[in-house]
Protein chains: 4
Amino acid sequence: MRMPSQNSTAARKPQRQRGHDRVAALLEAAGACFVEKGYEGTTMTEVAARAGAAIGSLYQFFPTKEALARALLEQYAQALYAELEKFTEPSANWTIEEWAEQLCTLLIAFRKRHRAFMSLVESMPRPAADGLSIRRRLRAELQALLARRAPHRSDEETYAAAVVVQQMMKGAAAIQEEPNMPGRQAALLQMQYAMQRYLHGVFGK
Amino acid sequence: MRMPSQNSTAARKPQRQRGHDRVAALLEAAGACFVEKGYEGTTMTEVAARAGAAIGSLYQFFPTKEALARALLEQYAQALYAELEKFTEPSANWTIEEWAEQLCTLLIAFRKRHRAFMSLVESMPRPAADGLSIRRRLRAELQALLARRAPHRSDEETYAAAVVVQQMMKGAAAIQEEPNMPGRQAALLQMQYAMQRYLHGVFGK
Amino acid sequence: MRMPSQNSTAARKPQRQRGHDRVAALLEAAGACFVEKGYEGTTMTEVAARAGAAIGSLYQFFPTKEALARALLEQYAQALYAELEKFTEPSANWTIEEWAEQLCTLLIAFRKRHRAFMSLVESMPRPAADGLSIRRRLRAELQALLARRAPHRSDEETYAAAVVVQQMMKGAAAIQEEPNMPGRQAALLQMQYAMQRYLHGVFGK
Amino acid sequence: MRMPSQNSTAARKPQRQRGHDRVAALLEAAGACFVEKGYEGTTMTEVAARAGAAIGSLYQFFPTKEALARALLEQYAQALYAELEKFTEPSANWTIEEWAEQLCTLLIAFRKRHRAFMSLVESMPRPAADGLSIRRRLRAELQALLARRAPHRSDEETYAAAVVVQQMMKGAAAIQEEPNMPGRQAALLQMQYAMQRYLHGVFGK
DNA sequence: AATGAATGAGCCTTCATTCAT
DNA sequence: CATGAATGAAGGCTCATTCAT
């Protein structure tokens, strides 16, 4: 049963609200699908079904499968940048080892919360690979963070270090994701240790 | 000694010269395709065409796309193990840093020569994921190598270290593969440096 | 009340007028194809074309060739059961010979109207053989009818009789279907006569 | 050197002992396959493999799948005619009931021994349907037998009776073939009884 | 907006049959 | 004759995307 629609200005808001919920549900469903089956394995039909929407509705908001993935990725990226922001301020007080530990902790927690992130970054097909640009942005972020800690280093040096840190974090994520891995915790700690050693070597006094 | 146990997804072995050549051509074509477009993006039709064979010929030897990928993977794995074998002997004379450098060099060279290796390991769909078992084998290999260098370490410790080394090598490979990456060489060197620092910290006297 | 338990090989139900029409057209086309070429000989492409639909539309409603055949079969089965229902009531007044004649008439007419029925029951591949269960149901129906006429007979006896009647009806259908058969009418009458003799022997006073 | 080729779809006759064995093995393998999977479901490759022969060898003797089936059918038909011959002589002494019983027994035993016979007769595709002609020949045979027993009957009458008898025998075979059928023996006996009643009614004094 | 039907290019795979050795 | 590789038309089915209601 439909409520008699209120006057045109008032009626708009609930409609938008509905739309918002829809989009949220769709993105969530998409995330779940991408995690479970990867980009190629995910079906637009299934995403819609999982969100309790019709296929047509899905296309109303996301004109393309790629757009859907991109939107999801973008959402994650924003969240990640927001979290990284917290590193800007207090990081000055930390030793480089503490800094590394915090970074590891943050990234690992983030990937645990948003499992589709990695999955998508890795499984989107090359030509469309938006994952690439996201990685680049994240890398720049890391570089900026590192540059702040070591202002005397050249851009080339901080860039290279950012690349290394990024790859190591990716490694940590992979460890997390691997099913039935024995000694996962120990391995993660070692990964963190490796990063600490590296950063100490490069930026430590 | 290997049983001739052709399980259903295994490749049929050619029995004539002609067949051998075909299989080689097909595998090569498959490798090229997988590199360029990943597992899902690769078409059996295209593989056949690229090898100058009819689609039926492809299926004569590889009953499935998956079998084709698996065969390729297996081929690479064997080659890699063979190369790693050379590490067993002389490594005793090396410092841990030299050892790490040699390993980096070897793996990087290997991936350059067999670009489909990584591509496939990463892009094969989970359930079939033969990549997983290959990674496990390689990890065991690394662990054995590390254990030889540090006999006083427990299995848990060497295993964790093997995991870390493996992830770092994957990172290096990713760096190599990334298109249009500025300062690639520097980054690779840093990656190697990171590994050396880590191994030094863990196994160095 | 029917559960909406769409098991994976079941047909999706259309929810719009347009869909209903499509499904009807598709089933009709399928029937025609199955009659002409049997189950294996029938092509999904051809069914779609014959119904003036795209191949995708066919699969929208019938996820499998088997599902299509099953749906058709089910439709016929329902129709047949409905017609047999009319036998329950008045049959008491008939002699066994009249009963047999009516049954022959009904079944022959039914098969003439729904020629795909038999074709499908016979040509569906064994493992999937839904034909089997349909036959079993029809057999049970016949047994019930016979049991009503001869309440003093044991279940075993009526079952065996039902089997015989069923096979004879199948024989009659085969006679009908055979192309260029001389003296078809006479043969059909003889078939009916055989059934009457048999039933008279078993259930007659 | 090629013999002036017989008609194109016929099987070539082997000319050496080895060839004979091969052909026998192939036919047997074919029979097994046809029973298990029907005509369409059977693969030339599988037949060859099952007979321990190469696919090329199979085609050396049977130029076509159809030819293979036909050859098998022909073989069975010959065997059946041979067995029916025994009916010519002594049948005069039997009552019609005895005659029917013997016929049932013989046919049932035959189908049990040559299970591919029925399977093939029923599953060969229409246009090629050699089954048809075989049925016709068998029908003629039956008619001849019946005519001998009842010389006063017209051709039309004996033909119709032959048709009925044939269908009933087919029904009996179906009963035999049906998996997990409870009370099979009883049903078979009833089938025989039905035939006896019928023949008694038509040809009995 | 929402819904669900429509579309069709394209994918993986099969298999009867032919051919070169 | 034997063998096994070669061939390619054709089939079942998927799925991103568009359209009509």
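Both backbone and side-chain heavy atoms feed into the values below; hydrogens, waters and symmetry mates do not. Values in this document were obtained by computation on a predicted structure and should not be read as measured data. Naming convention: chains lettered A, B, ... in sequence-line order (proteins, then strands); numbering from 1 in each chain.
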Taking Watson-Crick and G-U wobble contacts under 3.5 angstrom, with | marking pairs to another strand and [ ] crossing pairs, the secondary structure of DNA chain E is written .||||||||||||||||||||
What is the distance, to the nearest angstrom, from the [atom1] atom on [X] to the [atom2] atom on [N]?
{"X": "Glu46(D)", "N": "dT14(E)", "atom1": "CD", "atom2": "C1'", "value": "13 Å"}
{"X": "Leu58(C)", "N": "dG4(E)", "atom1": "CG", "atom2": "P", "value": "20 Å"}
{"X": "Phe62(B)", "N": "dC12(E)", "atom1": "CZ", "atom2": "C1'", "value": "16 Å"}
{"X": "Lys37(B)", "N": "dG10(E)", "atom1": "NZ", "atom2": "P", "value": "12 Å"}
{"X": "Phe61(B)", "N": "dG4(F)", "atom1": "CZ", "atom2": "P", "value": "11 Å"}

Base-contact (B) and sugar-phosphate-only (S) positions in nucleotides 15-21 of chain F, heavy-atom cut-off under 4.0 Å, - elsewhere: SSBB---
All side chain to side chain contact (heavy atoms under 4.5 Å, CB included) counterparts of Tyr76(D), not counting sequence neighbours: Leu72(D), Phe110(D), His114(D), Ala116(D), Phe117(D)
How would you list, by chain and number, every residue that makes a side chain to side chain contact (heavy atoms under 4.5 Å, CB included) with Ala29(B), sequence neighbours excluded? Val47(B), Arg50(B), Ala51(B)
Nearest of dA6(E), dA2(F), dT7(F) to any side-chain atom of Arg22(D)? dA2(F)
Hey, are the side chains of Ser123(D) and Phe34(D) touching, using non-hydrogen atoms and a 4.5 Å cut-off?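 Ser123(D) does not reach Phe34(D) side chain to side chain.
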Lys/Arg N to Asp/Glu carboxylate O, Arg115(A) vs Glu36(A), below 4.0 Å: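 Looking at Arg115(A) and Glu36(A), the cut-off is not met.
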When you measure from the side chain of Thr42(C) to the backbone of Cys33(C), do you find a donor-acceptor pair of N or O atoms at a distance under 3.5 Å? yes
Name the atoms and distances for all side-chain donor-acceptor pairs under 3.5 Å in residues 19-26 of chain B, with sequence neighbours left out.
| from | atom 1 | to | atom 2 | distance (Å) |
| --- | --- | --- | --- | --- |
| Asp21(B) | OD1 | Gln17(B) | NE2 | 2.8 |
| Arg22(B) | NH2 | Gly52(B) | O | 3.2 |

Could you tell me which residues satisfy salt bridge (charged side-chain N to carboxylate O under 4.0 Å, His left out) with Lys37(A), sequence neighbours excluded, listed by chain and number? Glu46(A)
Which comes earlier along DNA chain F counting from the 5' end, the contact point of Ala54(D) or that of Gly52(B), where each point is its nearest nucleotide? Ala54(D)
Do Lys65(A)'s NZ or CZ and the ring of Tyr39(A) fall within the cation-pi criteria of under 6.0 Å and 45°? yes
